[in-house]
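Report on the structure given below.
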Amino acid sequence: MKLRKVTAAAAAALVLSLTATACGGDDSSNESDSGSSGGSSIKIGIKYDQPGLGLKEPNGDFSGFDVDVATYVAKELGYEPDQIEFVETKSADRENALARGDVKFIAATYSITPERQEKVDFAGPYLLAHQDLLVKADSDITEATDLNDKKLCSVTGSTSAQNVKDDFAPDAQLKENGTYSECIAALQSGAVDALTTDDSILAGFAAQEQYQGQFKLAGLKLSNENYGIGVKKGDTATVDKINAALEKMESDGAWDKAVKDNFGPANYKNEPAPKIGDIVS
Ligand code: GLU
């Protein structure tokens with residue numbers, strides 16, 4: 001009898017969860033919140049603490065290459081800049097933010113990887129970066145092999161942290177934080193010996209006025225990071241529209257301008273614009 005009761009409860013729970021799943025799959029009621037063509041606003045995920053890529057300025061303005069790409073793409077989807085609501089999507093939160101429908105798309109130094117493609121869809125790529133190391137100006141770390149037994153900082157949920165464990169410095173003492181700005185603080189204080197992530201991000205930090213002369217990039221191309229624009233899994237209509245927008249951005253010169261405006265001050269030597277669909281492995 002007891003068993004039957006449990007079974008009935010389990011069956012009821014299953015029905016509830018199936019109903020919830022069905023509702024979640026057909027979420028057209030959420031569309032105007034996260035942004036659909038012709039809606040009143042669009043929510044876009046970016047980083048808030050990565051100078052030159054995605055930064056929330058002290059006065060509340062947003063700047064960076066990802067912000068410019070996102071603003072261009074939003075315009076092509078039918079949204080003016082004042083209809084954009086930027087939302088912070090930290091590295092470890094991106095897949096969930098898309099699955100929940102918190103944002104319509106994410107432009108946040110978001111590398112296209114086979115593991116992530118199981119959970120989200122990507123438009124792009126729109127930039128090719130490479131994993132590198134940032135160390136103190138007087139550090140003698142020059143190679144990935146110098147990292148073993150050293151304290152290394154990176155961010156939870158990033159390809160950078162994963163590559164350290166899988167690949168090039170399995171014996172480093174990896175300290176994972178939620179954001180890169182926390183790693184910069186740890187590097188500055190001497191709590192860690194190096195920070196690893198994409199060279200584009202590291203160059204942006206190193207060029208900040210308050211860090212001038214303090215840090216140097218090792219100049220290693222430890223991986224290929226193909227930045228894509230993440231969308232909810234299955235939203236192929238949005239992927240197609242974003243790909244068309246990215247192609248237009250490259251052909252009308254807006255991509256080059258965004259590169260100069262945002263990477264010029266950091267003296268970051270970017271790779272040429274990638275071809276849509278061409279992922280460098
Ligand atoms: N591009 C890498 C990634 O998607 C590192 C930068 C980041 O954490 O956003 O994980």
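Each ligand, and each atom within it, is numbered from 1 in the order the structure gives.
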| request: Show your working on ring-ring contact (aromatic ring centres under 6.0 Å, His included) between Y110 and F122 and close with a plain yes or no. | output: CA-CA 9 Å; Y110 198 9; F122 285 100; 4.9 Å; yes
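K269 and N267 share a donor-acceptor pair across their side chains, judged by distance under 3.5 Å alone. Side-chain contact, S158 with S91: no donor N or O sits under 3.5 Å from an acceptor N or O.
Note: W255 and F65 have perpendicular aromatic rings, judged against thresholds of 30 and 60 degrees for the angle between ring planes.
Close contacts of ligand 1 with S91, meaning ligand atoms under 4.0 Å from a residue heavy atom, involve 7 (C), 8 (O), 9 (O). In the vicinity of Y227, heavy-atom distances shorter than 4.0 Å reach the ligand 1 atoms 1 (N). Contact atoms of ligand 1 toward S160: 5 (C) (distance under 4.0 Å to a heavy atom of the residue). Heavy-atom contacts of T197 reach the following atoms of ligand 1: 5 (C), 6 (C) (cutoff under 4.0 Å). Close approach to A108 involves these atoms of ligand 1, each under 4.0 Å from a residue heavy atom: 9 (O). Those atoms of ligand 1 that come under 4.0 Å of a heavy atom in E225, given as number and element, are 1 (N), 2 (C). Interface of T109 with ligand 1, defined as ligand atoms under 4.0 Å from a residue heavy atom, comprises 1 (N), 2 (C), 3 (C), 4 (O), 6 (C), 7 (C), 9 (O).
Using a non-hydrogen distance threshold of 4.0 Å, D198 registers as a contact of ligand 1. The shortest heavy-atom distance from R94 to ligand 1 is under 4.0 Å. At least one heavy atom of I201 sits under 4.0 Å from some atom of ligand 1. A heavy-atom separation below 4.0 Å is not found between K90 and ligand 1. Ligand 1 lies less than 4.0 angstrom from a heavy atom belonging to K47.
At a 3.5 angstrom cut-off on N or O pairs, R116 counts as close to ligand 1. Ligand 1 has no N or O atom lying under 3.5 Å from any N or O atom of S158, backbone or side chain. Taking distance alone, with nitrogen or oxygen atoms compared against 3.5 Å, Y110 stays at or beyond that limit from ligand 1.
Panel note: side chain K221, backbone D132; no donor-acceptor pair is recorded below 3.5 Å.
Counting protein heavy atoms only, atom 2 (C) of ligand 1 is closest to T159 OG1, 3.1 Å.
If you take OG1 on T109 and CD on E225, they are separated by 9.0 Å, rounding to the nearest 0.5 Å.
A salt bridge links K75 with E80; the closest basic N to acidic carboxylate O contact falls under 4.0 Å.
When heavy-atom distances to ligand 1 are checked against a 4.0 Å cut-off, A129 has no atom that comes that close, whether in backbone or side chain.
The only member of R116, K233, K232 that meets salt bridge (charged side-chain N to carboxylate O under 4.0 Å, His left out) when paired with D121 is K233.
In plain terms, the two heavy atoms of A258 and M249 that are nearest each other are CB-CE, 4.0 Å.
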